[in-house]
Protein chains: 2
Amino acid sequence: MSTRATKEALFDGFAQVAKALSNGRRAEIVDVLANGERSVESLAAEVHQSIANTSQHLQILKNAGLVTPRRNGTFVYYRLASPDVVGFWRALQGIARESRGDIERLVDEYLGDGSDDVEGLTKEELWKRIKRKDKLVVLDVRPQEEYEAGHLPGAVSIPLHQLKKRVKELPKSKQIVAYCRGPLCALAPDATRYLKSKGYRVKRLAEGAPDWEAAGYPLSRATDDK
Amino acid sequence: MSTRATKEALFDGFAQVAKALSNGRRAEIVDVLANGERSVESLAAEVHQSIANTSQHLQILKNAGLVTPRRNGTFVYYRLASPDVVGFWRALQGIARESRGDIERLVDEYLGDGSDDVEGLTKEELWKRIKRKDKLVVLDVRPQEEYEAGHLPGAVSIPLHQLKKRVKELPKSKQIVAYCRGPLCALAPDATRYLKSKGYRVKRLAEGAPDWEAAGYPLSRATDDK
DNA sequence: GGCATTGTCAAGTGTTCACTTGAATAGTAT
DNA sequence: ATACTATTCAAGTGAACACTTGACAATGCC
């Protein structure tokens, strides 16, 4: 009891959880998984790594208790072990941005920073407008898989890489609100910049689907809900 | 903008903050620093490491933006860079305990687990009793330095390793409430077990000084406030 | 059954990590 | 200046890490 050895083992245990997130690629994986479960193959493509390497990263995350696998046929789907992991990941991002100017600068660069004067919209405001059935198009620009795993009620799915091709599906008359994975996801900022340049009336939800859900608002899982 | 390289750099940045806590000894350092600033020498003793090694760990924590140094004469005192770091550290502990049974078991072992049937007391309750000047002794069993860096109002300081020698200073007639660094600190559990075996009326505050402060209650810095 | 597909495991390689040792620096006291 | 202290820096060593490659296991399809 309260021996030095036990204390070391305990703190090594805490450290192991931090170690799971101490690699950029693993951090990316957690960020993606916050948007729903994914197969190993799909995650590997997302983080630009080999399947074997991605699998090994996933083992590390699993041993740290952050993710759990589910087998379905020849596929293995991983998801976050608990919703708390999202909160923890967000806390880490917050600390990092706050205490390190260089990271804040990278965020600006990544999101396309100041030159984008697209108006923002809060979750609360958007929810109000969805409930009173305002004429607006909620646009989910994440990959198809993430849309299917859960999206904002009534949202339309056009993954960013298809936007140029499918932009005509969007009405110029209505207000468009785009969103993606979260405040540090570049998909929606890219989309809104493009749409704005094409003359659409577009705003952006700063937060993403995981934050929306964490705030207590409902996600829809219907295959298509125009 | 939103290039793969920028994204990698950004997530590597997040990962670097996690990496700072990915070592058991550094985690211990952060845990101690949550109770106030400390010199390198003092930290080295606390984590049972050489001074050179401790200094290097501190450089890593500093580069991650988690701690900052302050020079005073020949001494260098380190402290947490922001109060948010305490919150983040607590979040990490929470995630680790929740998602990993083995860690929960280590916690039990470290704290001296179930055999201790000392009554607990919440911050709220204790604050009420301090305010209405109940006859109770609030006992701080952390090292002298931490007591001096900030303690509960009216608390008496008897570091755990001096408790046997100085136990006679405590009145058997009054209720004693011991506390230390936090819910995962073994000092107060050890102290309450000992005091109870000697026939004192003793309770334990589950949280520690950093939590007390984070909850908005005042800490006292008076050198001695019996 | 054979065979393709998805994922995991094992071994190998260059890099980073944690720690030690001993020298260099910054500040204080004499 | 000189001696002394607390800390940092630089170099070295064995262990762990991140990634690759190729073999193996699990599942489903024919």
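Order of the sequence lines sets the chain letters (A, B, ...), proteins ahead of strands, with each chain counted from 1. In this text the structure is predicted, and so the values were computed from the model without any measurement.
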### Gap between atoms CD1 and P, on Ile51(B) and dT8(D) respectively (whole Å)
10 Å

### Message
A side-chain contact here means heavy atoms from C-beta on lying under 4.5 Å apart; do Val85(A) and Leu33(A) qualify?
### Response
no

### Summary
Separation of dG7(C) atom P from Ile29(A) atom CD1, nearest Å, is 13 Å

### Query
For residues 36-51 of chain A, which residue pairs qualify under salt bridge (charged side-chain N to carboxylate O under 4.0 Å, His left out), counting only residues two or more places apart or in two chains?
Glu37(A)-Arg70(A), Arg38(A)-Glu46(A), Arg38(A)-Glu145(A), Arg38(A)-Glu146(A), Glu46(A)-Arg181(A)

### Query
Heavy atom of residues 36-49 of chain B under 4.0 Å from DNA chain C: which residues?
Gln49(B)

### Message
Without decimals, in angstroms, what is the distance between Arg25(B) CZ and dT20(C) P?
### Response
12 Å

### Task
Give a yes/no on whether any side-chain N or O of Ser50(B) is located under 4.0 angstrom from OP1 or OP2 of dC19(C).
no

### Query
Can Gln59(A) and Lys62(A) be counted as having a side-chain donor-acceptor contact under 3.5 angstrom?
yes

### Query
So do Ser55(A) and Val76(A) actually touch side chain to side chain, heavy atoms under 4.5 Å?
no

### Query
Counting N and O atoms only, with roles assigned by atom type, does the side chain of Arg71(A) sit under 3.5 Å from a partner on the main chain of Gly73(A), one being a donor and the other an acceptor?
yes

### Query
In terms of side-chain geometry, is the basic nitrogen of Arg105(B) or Asp108(B) positioned less than 4.0 Å from the acidic oxygen of its partner?
no

### Message
Once you apply a heavy-atom cut-off of 4.0 Å, does Lys62(A) come out as touching a base, just sugar-phosphate, or nothing?
### Response
nothing

### Task
May I ask you to evaluate whether Ser55(A) reaches the phosphate of dG7(C), defined as a side-chain N or O under 4.0 Å from OP1 or OP2?
no

### Query
Is there side-chain contact between Val138(B) and Ile176(B), with at least one heavy-atom pair below 4.5 Å?
no

### Query
So which of residues 65-78 of chain A are in contact with DNA chain D, with a heavy-atom cut-off of under 4.0 Å?
Arg71(A), Gly73(A), Thr74(A)

### Message
Using side-chain hydrogen bond (donor to acceptor under 3.5 Å, both in side chains), reason through Asp140(B) and Tyr179(B) one step at a time and then give a plain yes or no.
### Response
CA-CA 6 Å; Asp140(B) 187 322; Tyr179(B) 74 92; 2.5 Å; yes

### Query
Rounded to whole angstrom units, what separation is found between the NE2 atom of His57(A) and the P atom of dG7(C)?
16 Å

### Query
Are Glu104(B) and Arg100(B) ion-paired here, with the side-chain N under 4.0 Å from a carboxylate O?
no

#### Entry: Pairs flagged by salt bridge (charged side-chain N to carboxylate O under 4.0 Å, His left out) wherever residues 11-26 of chain B is involved - sequence neighbours left out
Asp12(A)-Arg25(B), Arg25(A)-Asp12(B), Arg25(B)-Glu28(B)

### Task
Return the value, rounded to whole Å, for the distance between atom CD of Glu28(B) and atom P of dC19(C).
11 Å

### Message
If you compare all heavy atoms of Ala64(A) against all heavy atoms of Ala20(A), which two are closest, and at what distance to 0.1 Å?
### Response
CB-CB, 3.5 Å

### Query
Does OP1 or OP2 of dC17(D) have a side-chain N or O of Lys19(B) closer than 4.0 Å?
no

### Query
How many Å lie between CD on Gln59(B) and C1' on dA18(C), as a whole number?
15 Å

### Message
Of the options dC19(D), dA18(C), dT8(D), whose atoms approach the side-chain atoms of Asn53(A) most closely?
### Response
dC19(D)

With the criterion being N/O to N/O and under 3.5 Å, what pairs connect the protein with nucleotides 10-12 of chain C, and how long is each?
unit_1  : atom_1 : unit_2   : atom_2 : d
dA10(C) : N6     : Gln56(A) : OE1    : 3.2

### Query
In chain order, what residues pass the side-chain hydrogen bond (donor to acceptor under 3.5 Å, both in side chains) check against Asn23(A), with sequence neighbours excluded?
none

#### Entry: Leu58(B) CG - dA6(D) P separation (whole Å)
16 Å

### Query
Under 4.0 Å between a side-chain N/O of Asn23(A) and OP1 or OP2 of dC17(D), yes or no?
no

### Rounded distance in Å - CG (Leu21(A)) to C1' (dC17(D))
16 Å

